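Right, one structure below, let's go through it.
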Amino acid sequence: MNARSSARCGTNDHRTTATSADGGTTFDAPFSPVPGLDTPPVSGSLLRLHAKELGAAQDRLLFSAPSRLGPHTLEDRRELAIRSSYDEGRSWRTVGTVVTPGRSGYSDLALVPGGAIGVLYETAGNIPHSDIAFTSFTEGQMDAAQSELRLPRTSDTGPGQYGNHAVVHGGAQLGTRNSGKSMTFDGQDDYLRLVSCSDSLRLGAGDFTLTAWFRHTATTGALPIVWGYGMGSGVQQFWLRAEPGSGTLRAAIDTGGAFADVRTTSSYNDGQWHHAVLKRQSGRLTLAVDGGQEFGAPAPAGDITPPAEFSVHIGARPDFPNQPAGVTELFRGGLDDIRIYGRGLTAQEAARVRGGALDVANEEERVRLGFSSVW
């Protein structure tokens with residue numbers, strides 16, 4: 001049995017499995033996570049296509065479900081795909097066949113007359129489950145359309161070992177900053193997401209610090225650097241973005257009942273690397289770049305973290321790829337050494353972070369994305 005896991009947050013493994021030797025009356029061992037089978041929390045389907053014990057040359061088990069990793073049952077139910085196991089479900093290939101790249105929900109596999117593989121599935125334009133669609137294909141057609149489904153990751157290397165690794169979307173590539181590496185974004189479809197929604201990513205009602213290196217040359221639009229949680233008026237969130245159209249670097253928080261923002265007097269679009277420090281500390285929201293002037297505003301009290309599942313986007317607004325026509329809020333340029341702390345850093349600590357120190361407030365460090373490798 002390969003089942004949906006209802007544990008949305010604190011894990012990237014949303015499938016769980018167990019085996020039974022008596023037709024399901026009992027299970028041989030407790031259910032355990034299925035690593036590497038990227039999917040959101042969703043009901044999927046299994047189809048035993050071939051079995052050696054029935055005379056086939058090989059075992060082949062098919063699995064259908066959305067293949068976009070993430071906790072959100074609306075946003076992450078996308079890219080319905082068929083994946084295969086050749087060892088009766090003990091392991092799964094990361095290549096598979098995309099049935100639809102759009103939103104999709106529950107699905108069911110069946111053999112149809114003539115030996116074709118049929119899949120019935122939920123789909124819609126703006127939610128995963130409004131319409132029911134059916135398609136079928138031969139095994140050969142399915143195999144000819146296979147592609148890699150598992151998206152690469154970039155590791156959280158902070159000492160807390162929270163495992164807040166970022167999923168890489170759109171083919172964002174490693175670049176360079178000084179003698180080290182960074183991440184480059186093309187402004188077309190590149191972005192990263194932290195999708196575990198673990199407790200360490202909940203900034204809550206307390207103080208916090210976000211630091212990031214960035215560089216860009218944009219002269220128009222808005223370029224998100226980090227965007228936590230949701231978006232829209234009255235929605236809990238925090239974000240930092242360059243706004244070259246208005247000539248500012250801007251940051252904001254929203255508790256769901258109150259909003260505050262702060263902005264600098266430049267968007268720093270000179271193509272050089274700059275270091276931003278955003279803090280919520282002692283009732284104020286402040287933003288400083290390169291250790292310079294600290295721009296501030298009163299910060300409302302209250303929890304900025306949604307009560308349910310969430311993602312943290314890097315290089316994109318949370319509504320991508322469904323942004324309204326004419327809106328393209330994606331970062332174009334380079335980002336590096338993104339860190340999140342569960343308290344406000346002192347000016348001296350922020351300066352040490354800008355200098356590359358790795359031993360700053362480690363007990364409060366929630367995320368450290370240094371982009372040294374992609375795996």
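These figures come from a predicted structure and were not determined experimentally.
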Does Glu122 come within less than 4.0 Å of Arg77, counting only side-chain N to carboxylate O?
no
Close side-chain approach of Leu61 to Leu47, heavy-atom, < 4.5 Å:
no
Approximate separation, where rounding is to 0.5 Å, of Leu109 CG and Tyr121 OH:
12.0 Å
Hey, quick one: are Val353 and Met183 part of the same hydrophobic cluster, counting side-chain heavy atoms closer than 4.5 Å, chains of contacts allowed?
no
Does one side chain, of Ser200 or Ser198, offer a donor that lies under 3.5 Å from an acceptor on the other?
yes
Side chain to side chain contact (heavy atoms under 4.5 Å, CB included) between Arg202 and Cys9, worked out
CA-CA 11 Å; Arg202 296 180 181 274; Cys9 290; 4.0 Å; yes
Rounded to the nearest 0.5 Å, what separation is found between the CH2 atom of Trp375 and the OG1 atom of Thr154?
9.5 Å
Answer yes when Asp156 and Arg368 have at least one side-chain N-carboxylate O distance shorter than 4.0 Å, and no when they do not.
no
Is a donor on one side and an acceptor on the other found under 3.5 Å between the side chain of Thr97 and the backbone of Met142?
yes
With a 3.5 Å distance limit and no angle check, can you tell me whether Thr286 reaches the backbone of Gly296 through a side-chain donor-acceptor pair?
no
In Å, rounded to the nearest 0.5 Å, how long is the span from CG of Leu278 to CG of Leu285?
5.5 Å
Candidate pair Ile304 and Leu203, rule side chain to side chain contact (heavy atoms under 4.5 Å, CB included), full reasoning
CA-CA 7 Å; Ile304 64 172; Leu203 297 181; 4.1 Å; yes
Any luck finding a side-chain donor-acceptor pair between Thr176 and Asn178 under 3.5 Å?
no
Do Thr19 and Asp28 have side-chain atoms, one donor and one acceptor, less than 3.5 Å apart?
yes
Rounded to the nearest 0.5 Å, what separates atom CG in Leu369 from atom OG in Ser155?
8.5 Å
Using 0.5 Å steps for rounding, measure from the OG atom of Ser5 to the CG atom of Asp13.
8.5 Å
Does the plane of the ring in Trp213 sit parallel, tilted or perpendicular to the ring in Trp273? Use 30° and 60° as the thresholds.
perpendicular
Donor-acceptor pair, Glu349 side chain versus Thr346 backbone, under 3.5 Å?
yes
Under a 4.0 Å N-O cut-off, is there an ion pair linking Glu79 with Arg68?
no
Please check this pair: side chain of Ser196 against backbone of Asn164, looking for a donor-acceptor N/O pair closer than 3.5 Å.
no
Please report the C-alpha distance between Phe310 and Leu201 in whole Å, then the side-chain angles of each, then the deciding distance to 0.1 Å, and finally whether the side chain to side chain contact (heavy atoms under 4.5 Å, CB included) criterion is met.
CA-CA 9 Å; Phe310 59 83; Leu201 291 174; 3.8 Å; yes
Check the pair Asp108, Ser45 against side-chain hydrogen bond (donor to acceptor under 3.5 Å, both in side chains), reporting the backbone distance first and the verdict last.
CA-CA 5 Å; Asp108 198 15; Ser45 180; 3.2 Å; yes
Arg354: what forms a side-chain hydrogen bond (donor to acceptor under 3.5 Å, both in side chains) with it, not counting sequence neighbours?
none
For the pair Gln237 (side chain) and Gly232 (backbone), establish whether a donor and an acceptor sit closer than 3.5 Å, ignoring hydrogens and angles.
yes
Throw together a table of side-chain donor-acceptor distances under 3.5 angstrom for residues 214-224, partners on residues two or more places apart or in other chains.
unit_1, atom_1, unit_2, atom_2, d
His216, ND1, Ala218, N, 3.2
His216, NE2, Ser267, O, 2.7

Any pair counted as disulfide bond (SG atoms under 2.5 Å apart), so long as it reaches residues 29-87, sequence neighbours left out
none
Tested for side-chain contact (heavy atoms from CB on, under 4.5 Å) against Arg343, the lone hit among Lys279, Glu363, Arg280 is Glu363
Within one Ile-Leu-Val-Met-Phe-Trp-Tyr cluster: Val112 and Ile117, side-chain cutoff 4.5 Å
no
Identify whether the distance between the nearest side-chain nitrogen and carboxylate oxygen of Arg48 and Glu53 falls below 4.0 Å.
yes
Is it the case that the side chain of Trp227 and the backbone of Gly230 share a donor-acceptor pair, with hydrogens and angles ignored and the cut-off at 3.5 Å?
yes
Any salt bridge linking Arg366 with Glu364? Criterion: basic side-chain nitrogen under 4.0 Å from a carboxylate oxygen.
yes
With a 4.5 Å cut-off on side-chain heavy atoms, are Val119 and Thr135 touching?
yes
Stepwise ring pair (Phe, Tyr, Trp, His ring centres under 6.0 Å) check, Tyr229 with Phe238:
CA-CA 7 Å; Tyr229 317 142; Phe238 73 94; 5.3 Å; yes
Quick check: does any side chain N or O of Gln236 sit under 3.5 Å from a backbone N or O of Thr305, one acting as donor and the other as acceptor?
yes
Can you tell which of Gln146, Arg93, Arg60 makes a side chain to side chain donor-acceptor pair (under 3.5 Å) with Ser84?
Arg60
Could you work out, with side-chain hydrogen bond (donor to acceptor under 3.5 Å, both in side chains) as the rule, every residue matching Arg352, not counting sequence neighbours?
Asp359
Co-membership, hydrophobic cluster, residues Val289 and Phe331, 4.5 Å side-chain
yes
Non-hydrogen side-chain atoms of Asp261 and Arg250 separated by less than 4.5 Å
yes
To the closest 0.5 Å, what do you measure between CZ (Arg150) and CG (Leu37)?
12.0 Å
Pairs flagged by side chain to side chain donor-acceptor pair (under 3.5 Å) wherever residues 316-328 is involved - sequence neighbours left out:
Arg78-Asn322, Arg103-Asn322, Arg317-Asp319, Arg317-Glu329, Asp319-Gln323
Is there a donor-acceptor pair closer than 3.5 Å between any side-chain N or O of Ser136 and the backbone N or O of Ala116?
no
Asp290 and His275: side chain donor to acceptor below 3.5 Å
no
Shared hydrophobic cluster for Ile314 and Leu174 (ILVMFWY, side-chain gaps under 4.5 Å):
yes
Asp186 side chain vs Asp189 backbone, donor-acceptor pair below 3.5 Å
yes
Would you check, one step at a time, whether the test side chain to side chain contact (heavy atoms under 4.5 Å, CB included) holds for Thr123 with Leu80?
CA-CA 9 Å; Thr123 186; Leu80 182 76; over 6 Å; no
What side-chain donor-acceptor pairs closer than 3.5 Å can you find for residues 333-341, not counting sequence neighbours?
unit_1, atom_1, unit_2, atom_2, d
Asp336, OD2, Arg177, NE, 2.6
Asp336, OD2, Arg177, NH2, 3.1
Asp337, OD1, Arg339, NE, 2.9
Asp337, OD2, Arg339, NE, 3.4
Asp337, OD2, Arg339, NH2, 3.1
Arg339, NH1, Tyr341, OH, 3.2
Arg339, NH1, Ala357, O, 2.9
Arg339, NH2, Ala357, O, 3.1

Using modelled atom types only, decide if a donor and an acceptor are shared between the side chain of Arg15 and the backbone of Val42 within a distance under 3.5 Å.
yes
Are Val374 and Leu192 connected, step by step, through hydrophobic side chains (Ile, Leu, Val, Met, Phe, Trp, Tyr) whose heavy atoms are closer than 4.5 Å?
yes
Within the structure provided, determine whether Phe320 and Leu330 are in side-chain contact (heavy-atom separation under 4.5 Å).
yes
